[in-house]
Amino acid sequence: MNADLSLTSRGLKARLSPHPAARDLAAAREKLPSGSAIAHVPALSTCLLPSEKAKRCDWCHRLQSESVPLRRCSGCASFWYCETTCQNRDWKARHKKICKQYNAFVVSTQYQALTAHDQVDALLLSHLVAEPAAWVHRQSRQNFDDPLSVFWDLLKVPRSDGFVPPLCLSKSAQTEATQKLAEELYARFGNNNFVLHSHLNSYGHGIFPLASRLFNHSCVPNGACKYIIRPTEPVTMEVIALYEIAEGEEITIPYLDPALPYRTREEALRANYEFRCDCRLCAFQRKIEPVHAPPSRGTPELKEAEATLRSFSLGDISQEVRIPTAPGLFERLPEELYPIFHESYLPSLSEQFSKASHEGPYADAVETGLTLLAFYVVVYPPNYPQIGMHALELAKTLWNLICTDPDALTGATEQQLVKHTKSALDFAASVLQNYGPEGDDGGPLEEIRVLTELLSRQ
Ligand SMILES: C[S@@+](CC[C@H](N)C(=O)[O-])C[C@H]1O[C@@H](n2cnc3c(N)ncnc32)[C@H](O)[C@@H]1O
């Protein structure tokens with residue numbers, strides 16, 4: 001089948017076209033409304049983080065609960081399943097090849113020396129190598145209907161660090177050829193490996209070849225990934241339009257957090273993906289270098305600068321929080337606010353918000369929470385899910401204030417607090433409904449529903 005026809009028949013709203021530096025790019029086939037699903041890609045292989053073992057089904061990733069008990073594999077006693085179907089599917093796909101050696105593998109010095117994320121990669125690699133013959137067979141064909149074939153066609157970034165021979169290759173099977181095959185697979189790992197998350201908390205890694213083949217990176221992305229967990233099925237990645245995408249426009253996703261300091265992003269993209277990002281945010285941050293450190297926390301200078309940031313980014317918050325619809329607010333940032341891009345700024349602001357929202361004073365939590373929202377709105381594109389999660393956190397902090405200590409916020413009446421809470425909640429709802437349901441049951445959309453109901457009674 002013709003490649004483009006094959007992509008259309010998979011319901012993809014993107015077509016491949018050549019990119020000057022990245023081989024190809026994915027362009028929108030048609031105008032894509034904000035919140036629309038651009039692609040649904042089932043996982044080729046996944047692996048849970050060590051901290052999630054025995055809490056989720058190793059096959060479909062459903063969370064354990066009273067109504068969803070997990071049963072262990074009786075062979076290795078280290079894999080857990082919510083249904084016999086999951087266990088059977090995993091056994092057939094990969095587990096029969098790794099069950100016997102698993103426990104010795106995870107206590108080996110080599111494995112233990114790895115970070116938690118590299119340990120997941122070592123296991124993911126083992127899952128992929130489980131059928132080496134199939135890999136060799138498919139190596140030269142390009143077929144979008146076959147995830148293995150798409151995987152083999154992915155761009156490589158050879159890595160020397162973190163490689164552990166996969167556990168399904170027993171000592172006797174570790175010939176030069178199989179070792180070379182595993183290394184070839186590993187070379188496609190670093191730049192084609194997604195961190196799975198539910199409600200933005202990481203819980204594993206996964207390989208989604210078609211998503212890797214299609215989407216390039218931008219620190220000002222117009223798309224975002226989310227993961228759909230369904231009983232007995234492999235996890236599916238969905239790519240969502242963050243805001244309206246014009247026909248023919250490139251669809252991009254973030255390979256890392258755009259709020260990381262510029263130099264950290266530059267180094268990570270170079271080391272893991274071998275390219276330099278030319279997005280609007282990187283170009284802007286290069287232009288304003290060197291960025292000076294902001295005034296110390298608690299000083300009147302910083303308070304004044306943060307008040308300017310809040311009004312620049314959110315408008316008049318005593319009325320209603322302004323929700324942006326186009327990216328690139330950072331390009332209009334007043335020069336005196338450039339220090340918000342200093343590497344020390346975001347960690348110290350987040351720390352102060354987190355401390356104040358747990359321990360008080362609440363007035364500080366509200367002020368730093370709004371400043372953090374203002375920062376995210378400047379840096380992230382519209383509807384970026386982290387903005388919604390933070391707006392929800394802020395709404396919950398405000399609601400706590402109403403319930404426990406309404407006098408703590410100098411000068412604010414309860415009515416004003418309710419208004420503030422509603423506008424933070426509306427902001428959260430607008431962003432997170434655009435992103436849509438994902439991950440485990442419940443989560444932020446459910447919290448928004450409950451808090452909206454409570455507020456309607458005020
Ligand atoms: C997951 S692949 C992306 C798909 C790739 N365009 C293709 O045709 O297969 C990741 C690789 O694409 C390239 N790439 C992704 N985003 C890029 C960007 N913004 N600029 C330059 N190269 C990029 C890098 O070589 C990176 O290692």
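One-based numbering, in listed order, for ligands and for the atoms of each. Note that this is a predicted model, so its numbers are computed, not measured.
A pairwise comparison of heavy atoms in A77 and R72 identifies O-NH1, 3.0 Å as the closest pair.
Evaluation of the side-chain hydrogen bond (donor to acceptor under 3.5 Å, both in side chains) test over residues 337-349, restricted to residues two or more places apart or in two chains, returns R297-S348, E306-Y345, H342-S344. Applying the salt bridge (charged side-chain N to carboxylate O under 4.0 Å, His left out) test to pairs two or more places apart or on separate chains, those with a residue in residues 235-250 are K226-E238.
For A211, the side chain to side chain contact (heavy atoms under 4.5 Å, CB included) partners at least two apart in sequence or on another chain are V41, F194, F208, F215, M237.
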Contacts table for ligand 1: protein N or O within a distance under 3.5 Å of ligand N or O, distances only.
residue  : atom   : partner : partner atom : Å
ligand 1 : 6 (N)  : A22     : O            : 2.6
ligand 1 : 6 (N)  : D24     : O            : 2.8
ligand 1 : 6 (N)  : N216    : OD1          : 2.7
ligand 1 : 8 (O)  : A22     : O            : 3.2
ligand 1 : 8 (O)  : R23     : NE           : 3.1
ligand 1 : 8 (O)  : D24     : N            : 3.2
ligand 1 : 8 (O)  : R213    : NH1          : 3.0
ligand 1 : 9 (O)  : R23     : NE           : 3.4
ligand 1 : 9 (O)  : R23     : NH2          : 2.7
ligand 1 : 9 (O)  : R213    : NH1          : 3.4
ligand 1 : 16 (N) : H217    : N            : 3.0
ligand 1 : 19 (N) : H217    : O            : 2.9
ligand 1 : 27 (O) : N191    : ND2          : 3.3
ligand 1 : 27 (O) : Y273    : O            : 2.8

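Under the 6.0 Å distance and 45° angle rule, K100 does not count as a cation-pi partner of F105.
Ring pair Y102/F79 is perpendicular by interplanar angle, where above 60° counts as perpendicular and below 30° as parallel.
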